[in-house]
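A short worksheet on the structure shown next.
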Amino acid sequence: MVVLSASILTQNGTKPIVSRQFVEMPRMRVEGLLAAFPKLISSHTRQHTFVETDTVRYIYQPLENGMFLLLITTKTSNIVEDLGTLRLLAKVVPDVAGGLSETMLNEKMFELIFAFDEVLTAGGYKEDISLSDIRTNLEMDSHEEKMAIMMEEAKKMEAKKAMEEKAEQIKKRQMENLKNNLMGNGPTAPAGGMVGIGGGGVTPGYEHNSSAAGSGMTAFSTPSFEKPTEPVEEPVRFVPKKGLTLGGIGGGKKKNDFLSAMGKEENLNLFGTTSKNSKQTDILGFSAAAPAPAAPTSPLTIALEEKYTVSMNREGSIDSCDLKGKLTLTANTEAGATPSITVNKAIMLAKCTMNWNFATHPKVDKKMYEKNGTIVLKGGKPLKLSSPVGVLKWSYSGEDAAPLTINCWPDDEGTGTINVNLEFQLNRPDMTLTDVNILVPLGTTDPPVIDEIDGQYKHDPNTGMLCWHHDLIDSSNSSGSLEFSIGGDDADAFFPVQVMFKSQSFLCPIEITDVTSTATGAPIPNNTEKSVGLDTYAIP
């Protein structure tokens, strides 16, 4: 069999919708054959009909809405096979088009041509194929293609995950370096790293500048002068109600003298230590090097430590708070190697009830501790010299233990600027926090415009961080706020917010009541240290 053309016609065969040729024919001949079809068909009602001319045979089937499915074949073609092809195409057309209306056929025109090509090959020969095979071929569903796409997506996900992890590592490293510099645990911060110290209160002798609200706090510049000249007092801008911003401390001797004189008026030491053998520090002491640990002067060192792990949410409340404490003994000499430590166990048990856990070291005599709160090693074994040993641990889980809550509220103003409001609240009036630093990422290296501030601030353009600093937070200074504006459109860029502070206020009411030697029974001179630290304290 040879099928010359397969067509779908409407308006009783006078208008072709789709026509697919399978042999080379001029367009004029195809149009002539299709135009002759309506004149050749008669008014009979047979389901499958055909009509012949001198050169071709028309095999057709009436469809709905005055449509015809038409095959044009050679006269020598096997009519039985042609009728089977016609029946298959009659099933394919509504299956592909979704119906037999002219609109549906027009929308699925190319799909119908592809379906005709699945039934008939080039040259007009019928393929041995079923309707389900045609559907599969038209879907072009390839298992290999799916596997390739899945592998490509997996590679993209792995690359994206690796990129996010790397970015998180870089961000954490920057935060840790900044923390070390701020807390004095690392190398001295490079000159010019943190700029723009801000503080509250209007300095006497300076007039209020009403334009400060629009431009933020103005910092003193630090140009290098080849020839020192007499300093010129430039107008200083202030934030309304909050006061002066000082920044970029440094420069020539004349400039230092001018700033030092200005600091004397406010009883501030702007340059900290000024002796020749000491490093200069700014007013916040952020660039001060960590003091060298003093050599032990007593036979025994007793260290009491509590550490907080706090996670806050962006609504300003506590998600989780875990406190872990430890009592550590360090024998500095042989005289302090056999200590017997007595703690106020009765008071601890009376006050520490719900959600508290206490545990002693396996080498500690638990019977002695349970009896009267005395901590001694089993069998009277001595401590190793200069080797810290944790003998008692405690833990507490509860939102009420968190000393401080932070609320960070960024608002997109819709003009490429984000207004950020921060506030803190001391939740535990019994605690005194010192050297408090609240670190806020800005998502840009541009300096923020400070509108209002309680306390002081520094901006690090290298890491794009803002440090909000308070020397002391206690019951008399239990809350504060900071408002600033900065360019951007991503409110998530201001997280995570991290908190750092120092304190000696314990949640656990532990006290050392007696320190004696198990060998002689005599009191052991000791040095007791108390510290409160942080593992993490942040708004993720």
Side-chain angles (χ1 to χ4, degrees), residues 139-183 185-187 189-190 193-194 307-324 395 397 399 402 404-414 416-422 437-448 458-468 484 486-501 533-540:
E139 290 175 359
M140 294 182 287
D141 190 12
S142 170
H143 178 69
E144 290 76 10
E145 182 184 9
K146 285 184 177 180
M147 291 299 297
I149 293 174
M150 289 174 63
M151 293 176 64
E152 187 70 21
E153 291 295 329
K155 290 180 180 179
K156 289 181 180 179
M157 292 297 293
E158 290 178 1
K160 184 178 180 181
K161 185 177 179 181
M163 178 186 66
E164 291 176 349
E165 290 177 353
K166 192 67 177 177
E168 189 68 22
Q169 290 175 3
I170 294 173
K171 192 171 184 179
K172 285 182 178 179
R173 186 163 61 248
Q174 291 176 343
M175 295 287 286
E176 289 300 323
N177 292 338
L178 185 58
K179 281 184 183 179
N180 292 336
N181 290 335
L182 294 179
M183 300 297 290
N185 295 328
M194 295 289 284
K307 279 193 174 182
Y308 287 88
T309 301
V310 179
S311 176
M312 297 175 284
N313 56 43
R314 299 186 181 184
E315 285 70 40
S317 58
I318 303 296
D319 278 341
S320 64
C321 176
D322 295 320
L323 171 71
K324 293 183 179 180
S395 64
S397 296
E399 299 177 4
L404 201 66
T405 55
I406 308 294
N407 188 7
C408 180
W409 198 289
D411 289 318
D412 190 350
E413 297 183 348
T417 302
I418 295 182
N419 180 263
V420 182
N421 286 270
L422 286 99
N437 293 303
I438 301 171
L439 305 179
V440 183
L442 302 177
T444 177
T445 58
D446 296 336
K458 276 193 173 185
H459 171 242
D460 184 1
N462 296 324
T463 59
M465 298 291 297
L466 175 69
C467 176
W468 184 19
F484 65 88
I486 194 167
D489 56 6
D490 183 12
D492 292 333
F494 302 95
F495 300 94
V497 178
Q498 300 196 42
V499 183
M500 299 181 296
F501 60 78
L534 303 174
D535 279 337
T536 58
Y537 205 118
I539 305 176

Roughly how far, to the nearest 0.5 Å, is [atom2] of [Y] from [atom1] of [X]?
{"X": "N421", "Y": "N407", "atom1": "CG", "atom2": "CG", "answer": "9.0 Å"}
{"X": "L534", "Y": "K307", "atom1": "CG", "atom2": "NZ", "answer": "9.0 Å"}
{"X": "M312", "Y": "Q498", "atom1": "CE", "atom2": "CD", "answer": "10.0 Å"}
{"X": "I539", "Y": "N313", "atom1": "CD1", "atom2": "CG", "answer": "8.0 Å"}
{"X": "T463", "Y": "L439", "atom1": "OG1", "atom2": "CG", "answer": "9.0 Å"}
{"X": "M147", "Y": "E144", "atom1": "CE", "atom2": "CD", "answer": "9.0 Å"}

Check step by step if side-chain contact (heavy atoms from CB on, under 4.5 Å) holds for I149 and E152.
CA-CA 5 Å; I149 293 174; E152 187 70 21; 5.6 Å; no

Does any non-hydrogen side-chain atom of K171 lie less than 4.5 Å from one of P496?
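Yes, at least one pair of side-chain atoms sits under 4.5 Å.
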
Do D535 and K324 touch side chain to side chain, with heavy atoms closer than 4.5 Å?
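The answer is no; the side chains never approach within 4.5 Å.
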
Below 3.5 Å, can you tabulate the donor-acceptor pairs from side chains in residues 157-169 to any protein atom, sequence neighbours excluded?
none

Is it the case that N419 and D411 place a side-chain donor and acceptor less than 3.5 Å from each other?
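The criterion, which ignores hydrogens and geometry beyond distance, is not satisfied for D411 and N419.
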
T444: which residues meet the side chain to side chain contact (heavy atoms under 4.5 Å, CB included) condition with it, sequence neighbours left out?
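Partners of T444 under the side chain to side chain contact (heavy atoms under 4.5 Å, CB included) test: L442, D446, I486.
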
Among residues at least two apart in sequence or on other chains, which ones pass side chain to side chain contact (heavy atoms under 4.5 Å, CB included) with T417?
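Residues passing side chain to side chain contact (heavy atoms under 4.5 Å, CB included) with T417: E413, T415, S485.
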
With S311 via side chain to side chain donor-acceptor pair (under 3.5 Å) - residues at least two apart:
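Here no residue qualifies.
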
Check side chain to side chain donor-acceptor pair (under 3.5 Å) between D412 and all other residues, then give those that pass, not counting sequence neighbours.
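D412: no side chain to side chain donor-acceptor pair (under 3.5 Å) contacts found.
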
Closest contact, heavy atoms only, [X] versus [Y]:
{"X": "H459", "Y": "T445", "answer": "CE1-O, 3.3 Å"}
{"X": "D490", "Y": "I418", "answer": "N-CD1, 3.5 Å"}
{"X": "N437", "Y": "C467", "answer": "OD1-SG, 3.3 Å"}

List the steps, then state whether side-chain contact (heavy atoms from CB on, under 4.5 Å) holds for D492 with R314.
CA-CA 10 Å; D492 292 333; R314 299 186 181 184; 2.8 Å; yes

Where the side chain of Y537 meets the backbone of L404, is there a donor-acceptor pair that is under 3.5 Å apart?
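Side chain of Y537 to backbone of L404: a pair is present.
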
ring-ring contact (aromatic ring centres under 6.0 Å, His included) partners for F494, two or more places apart
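With neighbours one apart ignored, the set is empty.
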
